[in-house]
Amino acid sequence: MYESLALEILSSHIVEGPSDPGPGDIVVAKPDLLLMNDITALLALRVIEETGAPVDCSRIRTLIVLDHYSPPPTARIATSYRLLRRFARRHGCALKDVGEGIMHQIAVEEEVEPGMLALGADSHTITYGALAVFSTGIGSTEAAYIMARGELWLKVPHTILARLEGRLEWPLTGKDLALQILSRTGGDGAVYASIEFTGPGLASLGVSDRLTVANMMVEGGAKTALFPVDKVLVEWMRRERGAVKPGWKRLAPRNGEPSIEVDLGELEPMVSEPPAPYNARPARELEGVEVDQVFLGSCTNARYEDLEAAARILKGRRVREGVRLIVTPASRRVYQKALETGVLGILHSAGAVITPPGCGACFGSTMGVAGDEEVVLSTSNRNFPGRMGSPTARIYLASPQTAAASAVTGVITDPRSLA
Amino acid sequence: MRVSGYAFKLGDSISTDDIIAGRYLYITDPGELASHIFENRPKIRSRIQRARRPIVIVAGRGFGYGSSREHAPLALKAFGVKAIVAESFHRIFYRNSINNGLLAVEAPGILGIVEEGEPITIDLDRGVVEASRGAIRVSGMPGYVKSILEAGGLREMLRRLAGGRSP
């Protein structure tokens with residue numbers, strides 16, 4: 001058994017490199033899955049056209065998801081979508097079209113399973129680490145290279161062990177944990193590392209929360225963020241995906257000297273202030289900041305559990321006059337379930353605007369772009385200037401619970417006061 | 001490999017959203033991308049538009065923070081940036097730079113040895129970055145990564161593949 005989950009997974013995918021690889025070594029690996037979004041695929045297409053590289057998507061399963069600008073807001077983007085569809089048909093790549101949802105959510109619902117190596121031209125590919133998948137972001141030229149060669153070089157990451165104690169209780173979430181960890185790592189404290197989670201606290205951290213945590217570890221620079229295969233994950237895989245495999249046993253939690261320790265019982269609702277995600281502090285310290293728009297969406301926090309948590313707070317309440325609450329479910333499947341269980345009805349009755357699935361306002365290009373000097377409280381992952389539209393808009397990041405509570409009051413609100 | 005230019009200084013955690021905004025990522029032409037450089041950071045934009053060329057960006061920690069958009073190094077290169085020397089890099093940006101033949105060198109302490117607009121030289125073969133107030137030794141790139149850079153980037157390797165040659 002290897003010392004780290006990262007090496008455990010990577011070792012079975014290496015096609016070239018040292019016989020006993022360790023942190024810092026360069027290896028060439030064959031991924032199980034290649035993913036691209038509408039933006040990065042378009043650039044990969046251009047690279048293929050310019051270089052004349054031969055493409056064969058039959059070797060490595062390749063998935064293109066039209067999520068960032070979806071549905072297309074301009075004719076130029078709509079035309080580029082046509083190119084992507086034609087490319088996918090010609091070369092045998094799978095393609096998820098407008099309205100199917102965010103690449104990372106679709107990957108988790110349908111594609112990845114523990115022990116896989118998934119490379120995606122999108123930094124939040126790191127999300128699938130919640131399912132014990134070594135998943136990491138790459139560039140478009142690299143995606144093109146994988147389509148041509150079926151392999152890519154990777155540096156073996158060093159490990160940062162994060163030990164979780166205590167229990168996570170409502171209304172605390174994986175988002176609060178992620179922001180707490182980022183406030184310690186800063187923007188580059190985990191660069192090139194594999195953050196690996198362990199400890200008794202894992203038992204109270206559901207897969208949806210784990211996905212949020214893994215997703216945001218890239219904001220600390222991590223290459224991958226791995227949760228082990230444990231009872232929680234096995235039960236989730238059985239229920240959601242109908243499959244459990246004996247080989248997953250080797251992906252059990254690793255023990256060692258942790259460099260990050262968090263007691264989940266002492267966690268507080270956290271909010272990240274502009275201009276960077278690691279700029280996080282307890283929500284109570286920011287209470288009273290007026291918000292113009294609340295966004296419940298993105299690959300970080302737009303799963304069914306997130307919508308349901310917001311509905312729990314918004315049920316019987318109204319979004320404050322003058323505040324816009326925009327809800328963008330992560331996928332068609334999430335949308336459908338929230339429709340069937342009445343969650344969307346509760347959100348809609350409270351005054352929310354429900355959009356089709358996709359990246360939406362997180363990406364600042366469609367379905368809820370922020371204007372000059374507006375204040376946005378968002379459940380997404382990045383609050384850089386201009387991320388959601390105007391460079392002078394101020395973006396705060398928080399959990400769905402904090403977002404819903406703040407939509408009701410019109411100011412940043414610790415959800416424990418409404419929950 | 002040796003690259004020289006004039007230092008353009010930036011701080012920590014410069015993100016790829018800073019370099020090229022998400023609203024322009026349907027663009028794939030490097031020149032068109034370059035015309036929108038740093039629009040999310042208007043002060044940086046007006047400074048870099050007046051900067052002496054060729055430009056060598058000298059930055060703090062965590063350069064290339066965030067999104068995997070390869071449009072960022074493409075835009076920088078098309079704008080006239082010859083190299084980036086930073087205290088540290090985020091990994092996807094670093095890979096994207098090398099893969100497009102844009103030199104990216106990690107040199108802790110770099111902000112202390114060069115002033116804005118001064119000449120700066122990166123000499124990869126000697127493993128050193130030199131400026132008016134001193135020189136910093138930089139650790140060698142792994143052989144595999146250097147070979148990609150020397151081939152002209154992964155893009156050039158793809159061109160070789162297309163010609164039926166080994167990459």
### Task
Tell me, for B:Ile148 versus chain A, whether the close heavy atoms (under 4.5 Å) come from the side chain, the backbone, both or neither.
side chain
### Query
Most heavy-atom pairs under 4.5 angstrom with chain A, which of B:Val145, B:Asp18, B:Leu74, B:Leu25?
B:Leu25
### Task
Answer with yes or no whether the side chains of A:His91 and A:Asp56 bring together a donor and an acceptor at under 3.5 Å.
no
### Task
Show your reasoning for whether side-chain contact (heavy atoms from CB on, under 4.5 Å) applies to B:Ile110 and B:Ile120.
CA-CA 10 Å; B:Ile110 188 64; B:Ile120 178 169; 4.1 Å; yes
### Task
Tell me whether the guanidinium CZ or amine NZ of B:Arg47 lies under 6.0 angstrom from the six-membered ring centre of B:Phe8 and within 45° of its axis.
yes
### Task
Answer yes when B:Asp12 and B:Arg61 have at least one side-chain N-carboxylate O distance shorter than 4.0 Å, and no when they do not.
no
### Message
Using a 4.5 angstrom heavy-atom cutoff, name the option from B:Tyr65, B:Tyr144, B:Tyr24, B:Phe89 with the most pairs to chain A.
### Response
B:Tyr65
### Task
Look at B:Glu156 together with B:Arg159 and state whether they make a salt bridge at an N to O cut-off of under 4.0 Å.
yes
## Note on the structure
Cut-off 4.5 Å, heavy atoms of chain B, and the answer for A:Ser365 is side chain
### Message
Out of A:Gly52, A:Gly137, A:Ala53, return the one with the most heavy atom pairs under 4.5 angstrom to chain B.
### Response
A:Gly137
### Message
So for A:Val369, is it side chain, backbone, both, or neither that comes closer than 4.5 Å to the heavy atoms of chain B?
### Response
neither
### Query
Is it true that A:Glu374 and A:Arg394 make a salt bridge, defined as a side-chain N closer than 4.0 Å to a carboxylate O?
no
### Query
Can you say whether A:Ile126 sits under 4.5 Å from chain B via the side chain, the backbone, both, or neither, judging by heavy atoms?
neither
### Message
So which residue, A:Asn37, A:Val218, A:Ile138, A:Thr40, ends up with the most heavy-atom pairs under 4.5 Å with chain B?
### Response
A:Ile138
### Message
With a 4.0 Å cut-off on N to O distance, would you call A:Arg76 and B:Glu32 a salt bridge?
### Response
yes
### Query
Which bit of A:Ser80 is near chain B, if near means a heavy-atom gap under 4.5 Å: side chain, backbone, both or neither?
neither
### Region of A:Ile26 in contact with chain B, defined by heavy-atom distances below 4.5 Å
side chain
### Top contributor to chain A interface from B:His90, B:Arg23, B:Arg95 [non-hydrogen pairs under 4.5 Å]
B:Arg95
### For A:Ser272 against A:Pro277, the heavy-atom pair lying closest together
OG-O, 3.0 Å
### Query
Minimum heavy-atom separation for A:Leu182 to A:Glu219, with atom names?
CD2-C, 3.7 Å
### Task
Against chain B, work out which of A:Tyr278, A:Tyr69, A:Trp153 has the most heavy-atom pairs shorter than 4.5 Å and name it.
A:Trp153
### Task
Please determine, among B:Ser68, B:Ser88, B:Pro142, the option with the most heavy-atom pairs under 4.5 Å with chain A.
B:Ser68
### B:Glu118 and B:Ser132 side chains, donor-acceptor separation under 3.5 Å
yes
### Task
Under 4.5 Å, counting heavy-atom pairs only, tell me which of B:Arg41, B:Glu39, B:Arg155, B:Arg69 racks up the most with chain A.
B:Arg155
#### Entry: Residue B:Ser13 versus chain A: region with a heavy atom under 4.5 Å
side chain
